[in-house]
Colleague: 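Submitted below is the structure of interest, expressed as structure tokens.
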Amino acid sequence: MPRRYFPMSTDDQLRFPDGFLWGAATAAYQIEGGADAEGKGPSIWDTFSHTPGKVFHGDNGDVACDSFHRYGEDIALLKRLGVGSYRLSLSWPRIQPTGRGEVNAKGLDYYNRVIDGLVEAGIEPSVTLYHWDLPQALQDAGGWANRDIADWFGEFAAIAGEAFGDRVSRWITLNEPWVVAHVGYRDGRHAPGIQDPALAVAANHHLLLAHGNAVSALRASSAAPVGITLNLTVERPVTPEAAAHAAVLEARQNGVYLDPIFHGRYPELLDGDASFSPAAAGHVRDGDFEIIGAPLDFLGVNFYAPHYVGMLHADGEPRRGETVTGPDTVSIQPDGLPITAMNWLVEPGSIRELLTRIVAPVTGALPVYITENGSSWHDYVTQDGQVNDLERIAYLRGHLAAVHGAIADGVPVKGYFAWSLLDNFEWAEGYAKRFGLVYVDFATQERLLKRSGEVYASIVAANALPK
Ligand code: NCW
């Protein structure tokens, strides 16, 4: 790739290209609350979080950040950050309470209020159609394991496109389909809490078909750019022997989404592996790859941490920092790298490696947005009423410098959305894990800009990162 230099980068700052889009992101179930307000139907996360033992501390999203009522405050915070765009998601069961047919006009009204408020504030709405809160009625009909969901999702996308397509600046069909299939249906740590590889691999294929149908539906009703957000992994083998295993892990997480969308096939490396390849499991029908491969306007990439892998020692004993993951493989937490409250490694260079080694060779000149990046720490309010989250600031600076490096390498990264605007309901971790640039006191719903929020605002204002 040709290396490009920024004429405006100087010794003391890294300047981002003119027009670089700065944003912040959230997801409906994580912030809205209003779980049964104004005609909303139940989602799989309502069911899952109310099932004892599924979420840390028995937390649920019934109230969350109460953004259903406090979206005005959220928009004011976005203005304070100075961001050009807000990435939010739509709750499918707020709009279609049973996921099919009947539309809840009051649900549309809510998003109209939010979208109008953003536009008025000069903030572009970047809207994700699906960020994990499936209508429970659709789960009862098989959820993502039922191929019919591709049509149900197409219908929902058409409704959203017609309702909001005149004001939305960019559409994201799905957030992290790998997590939906793998954590929801294979590992079971997320809703619907199923542990069945056969259903997980079916979900993988149906998510892609649903994505393709949504692209077509959105094209019919909105001129805004359309993309998908993938959580791609960077696998780092610690020995040459572990390289083949790392390649398989990348195919299982990256290839099973990137290859069908951009190359019209599932990864060859997984041929014959019916528990990871939808092709090997017999899910592909004639015409599927034409649907899945509908041309996109951008790729959204979420990235948090790399993953280190190695081979199990001959004595079968894992060493310190190693977790056994297979008959002869281990997952490794290497010494010397910081670890966030989520237990995720901090290694900024890996986002540059992801963009240059994994993304750009597949997407070429297609614009790329970092649709999520951020970190969780044990934040607290000091006696003088501040959150001095220095670790989050270091994480943010490190990752932005690495994204800048990827742009210098020639990767067309057009924007960056911090995860997250607010501390929120962190899925299976409940409220115990805070990712926000804004601290939320969940007892009072008071919002407080963290120091990282102040730092982010100054980076956004300068369109540059001080070195
Ligand atoms: S949990 C998760 N996240 C966080 C979440 O807040 C956000 O909604 C997601 O888009 C931050 O970014 C994403 N990702 C799932 C990681 C699951 C790891 C568990 C693997 C188990 C096999």
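First listed ligand is number 1; within each ligand, the first listed atom is number 1. Bear in mind the structure is a predicted one, so any value in this text is a computation, not a measurement.
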Colleague: Heavy atoms only, cut-off 4.0 Å: how does Asn231 contact ligand 1, side chain, backbone, both, or neither?
Modeller: neither

Colleague: Where the closest heavy atom to atom 11 (C) of ligand 1 is concerned, which of Tyr304, Trp132, Phe425, Phe303 has it?
Modeller: Tyr304

Colleague: From the options Val180, Val179, Val183, select the one whose nearest heavy atom is closest to atom 15 (C) of ligand 1.
Modeller: Val179

Colleague: Side chains of Ser49 and Tyr29: is there a donor and an acceptor less than 3.5 Å apart?
Modeller: yes

Colleague: Which residue supplies the protein heavy atom nearest to atom 16 (C) of ligand 1, what is that atom called, and how far is it?
Modeller: Trp344 CZ2, 4.0 Å

Colleague: Do any N/O atoms on Trp427 end up under 3.5 angstrom from N/O atoms on ligand 1?
Modeller: yes

Colleague: Just verifying a value: how many Å separate Gln445 CD and Glu73 CD, rounded to the nearest 0.5 Å?
Modeller: 8.5 Å

Colleague: Does a side-chain heavy-atom distance below 4.5 Å link Thr173 with Tyr130?
Modeller: no

Colleague: Any heavy atom of Gln30 sitting closer than 4.0 Å to ligand 1?
Modeller: yes

Colleague: Just to check, does Glu429 reach to within less than 4.0 Å of ligand 1 when the distance is taken from its heavy atoms?
Modeller: no

Colleague: Would a line drawn from the ring center of Phe20 to the ring center of Tyr416 be shorter than 6.0 Å?
Modeller: no

Colleague: Atom 21 (C) of ligand 1: protein heavy atom closer than 4.0 Å?
Modeller: yes

Colleague: Starting at NE2 of His57, measure out to OH of Tyr431 and round the result to the nearest 0.5 Å.
Modeller: 11.5 Å

Colleague: Find all atoms of ligand 1 within a distance of less than 4.0 Å from any non-hydrogen atom belonging to Glu426, and give their numbers and elements.
Modeller: 1 (S), 4 (C), 5 (C), 6 (O)

Colleague: Taking N or O atoms only and a 3.5 Å limit, does Trp178 qualify as a polar contact for ligand 1?
Modeller: no

Colleague: Within the structure provided, determine whether Ile370 and Phe303 are in side-chain contact (heavy-atom separation under 4.5 Å).
Modeller: no

Colleague: Do the side chains of Val301 and Leu230 get nearer than 4.5 Å, heavy atoms only?
Modeller: no

Colleague: Could you check atom 10 (O) of ligand 1 against the protein and tell me its nearest heavy-atom contact, residue, atom and distance included?
Modeller: Glu372 OE1, 2.8 Å

Colleague: Looking at Arg189, which atoms of ligand 1 are within less than 4.0 Å of one of its heavy atoms?
Modeller: 21 (C), 22 (C)

Colleague: Ligand 1 and His131, any nitrogen or oxygen pair closer than 3.5 angstrom?
Modeller: yes

Colleague: Please walk me through it: do Ser126 and Ser85 pass side-chain hydrogen bond (donor to acceptor under 3.5 Å, both in side chains)?
Modeller: CA-CA 7 Å; Ser126 296; Ser85 182; 2.7 Å; yes

Colleague: For atom 14 (N) of ligand 1, what is the nearest protein heavy atom, given as residue, atom name and distance?
Modeller: Glu176 OE1, 3.5 Å

Colleague: Establish, yes or no, whether the cationic atom of Arg252 lies under 6.0 Å from the six-membered ring centre of Phe276 and within 45° of the ring axis.
Modeller: yes

Colleague: Atom CZ in Arg392, atom CG in Asp379: separation rounded to 0.5 Å?
Modeller: 4.0 Å

Colleague: Does the N or O separation between His182 and ligand 1 drop below 3.5 Å for any pair?
Modeller: no

